[in-house]
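Everything on this sheet refers to the single structure shown next.
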Amino acid sequence: MRIATWNCNSIRSRIDRAAALLERHDLDVLLLQETKCRDDQFPLLPLEAAGYQVAHHGLNQWNGVAIVSRVGLEEVQVGFEQMPGFGDPLVSEARAIGATCGGVRLWSLYVPNGREIGHPHYDYKLEWLKVLRDDAERWLGPDGSAQVILGGDWNIAPTDEDVWDPSFFEGKTHVTPPERAAFAAIVDTGYADLVRPYAPGPGTYTYWDYTQLRFPKKQGMRIDFLLGSPSVQARMADAFIDREERKGKGASDHAPVVITLD
DNA sequence: ATGGTTGTTTTACAA
């Protein structure tokens, strides 16, 4: 079973790349973030024609998450329990969708960016992660044996090795101790980074800013992850970051992250 | 040259 996560940065502008990605890697499931469209705007036909079902949650031009599967798509859940909202008044955003595909419980997650340290969005990010941690722990089941994958754009670089220049990020989001602690708290419940053993650092990234020629200069960040419960960890056969997808005209600023389960 | 790029319901804002 092959599963990928990809922040596509608008599915309407990159539906051809998404379809090619499914075919190129023979994917069974694709978790998408930043689809940037409403449900009625999602380009379903090219994916359905390729034999996939789609569960999408999008409210407007911001955020948007989806699960694309050819191994079943059951018990779809939009958002998680007590997921915080943002703004005044509080609005629930399209940042989480869960479904069961081929016996695995999968979540496509788009963690809030945080914008700037001290910004309300930064506090929102930390609270969002805290609530996710509590729910994710319950998803492991009473004996911790459930097959669960938490995939997506986490907007956190867990260690200094996960950014091209730690000094560049001083005073910026994505690398602060509270953000890293929030990420570590989810790992501590029993989830593990499924990809890192197959894609060691340094210099291994999943995102490169569009500006400043960051990609050709290899100046990126590792912020997209597939985290797996222990029973998923035990099935790991292979993993890689599809850096090729970041190349060429019309690429997303994120690369897909792909795993293979036995 | 105080910028440099993408996307969206665009000429503002989010990333």
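Naming convention: chains lettered A, B, ... in sequence-line order (proteins, then strands); numbering from 1 in each chain. The structure displayed is predicted, hence computed values, not measured ones.
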| said: Taking dA15(B) as the reference, what is the distance to dG4(B) when you measure between their C1' atoms (whole Å, please)? | reply: 16 Å
| said: Can you work out whether Gln41(A) or Glu34(A) has the more 5'-proximal nearest nucleotide on DNA chain B? | reply: Gln41(A)
| message | What is the distance, to the nearest angstrom, from the NZ atom on Lys217(A) to the C1' atom on dT5(B)? | response | 13 Å
| Nearest heavy-atom pair of Ala96(A) and His57(A): which atoms, and what distance? | O-CD2, 4.1 Å
| Picking from Tyr124(A), Trp154(A), Phe183(A), what satisfies side chain to side chain contact (heavy atoms under 4.5 Å, CB included) with Leu129(A)? | Trp154(A)
| How would you label the contact of Asp253(A) with the nucleic acid (heavy atoms, under 4.0 Å): base, sugar-phosphate, or nothing? | nothing
| query | Which part of the nucleic acid, if any, lies within contact of Asn60(A), taking any heavy atom under 4.0 Å across all strands shown: a base, the sugar-phosphate backbone alone, or nothing? | reply | base
| field | Proximity to the side chain of Gln212(A) - top-ranked nucleotide from dG4(B), dT9(B), dA14(B) | value | dG4(B)
| message | Could you tell me how far apart Trp154(A) (CH2) and dA15(B) (P) are, to the nearest whole angstrom? | response | 17 Å
| Distance between the C1' atoms of dT11(B) and dT6(B), in whole angstroms? | 16 Å
| message | Does Arg214(A) reach a base, just sugar-phosphate, or nothing at all? Heavy atoms under 4.0 Å. | response | nothing
| Of the nucleotides dA15(B), dT6(B), dT8(B), which one has an atom closest to the side chain of Ser13(A)? | dT8(B)
| said: Main chain of Pro120(A), side chain of Asp123(A): is a donor-acceptor contact present, judged purely on distance under 3.5 Å? | reply: no
| task | Take the protein atom NZ of Lys36(A) and the nucleotide atom C1' of dA14(B), then report the distance between them rounded to whole Å. | result | 7 Å
| message | Base, sugar-phosphate or nothing for Thr211(A)? Non-hydrogen atoms, less than 4.0 Å. | response | base
| request: Could you measure between the two C1' atoms, the one in dT10(B) and the one in dT5(B), and give it in whole Å? | output: 15 Å
| request: Go through dT8(B), dT9(B), dT5(B) for me and flag the one nearest to the Tyr210(A) side chain. | output: dT5(B)
| said: dT10(B), OP1 or OP2 - any side-chain N/O from Gln61(A) closer than 4.0 Å? | reply: no
| query | What integer number of Å spans the C1' atoms of dT9(B) and dC13(B)? | reply | 12 Å
| query | Which of the following nucleotides, dT8(B), dA15(B), dT9(B), is nearest to the side chain of Trp62(A)? | reply | dT8(B)
| request: Could you state the atom-to-atom distance from CZ of Arg12(A) to P of dT10(B) in whole Å? | output: 11 Å
| request: Give a yes or no answer on whether the side chain of Gln147(A) reaches the backbone of Ser231(A) with a donor-acceptor pair at less than 3.5 Å. | output: no
| Between Arg115(A) and Ile11(A), who's closer to the 5' end of DNA chain B by nearest nucleotide? | Ile11(A)
| said: Using modelled atom types and a 3.5 Å cut-off, is there a donor and acceptor pairing between side-chain atoms of Trp139(A) and backbone atoms of Val148(A)? | reply: no
| message | Using a 4.0 Å heavy-atom cut-off, does Tyr110(A) contact any base of the nucleic acid, only the sugar-phosphate backbone, or nothing at all? | response | sugar-phosphate
| Could you give the CG-to-C1' distance, from Asn113(A) to dA15(B), as a whole number of Å? | 6 Å
| note | salt bridge (charged side-chain N to carboxylate O under 4.0 Å, His left out) pairs touching residues 100-119 of chain A, sequence neighbours excluded, are none
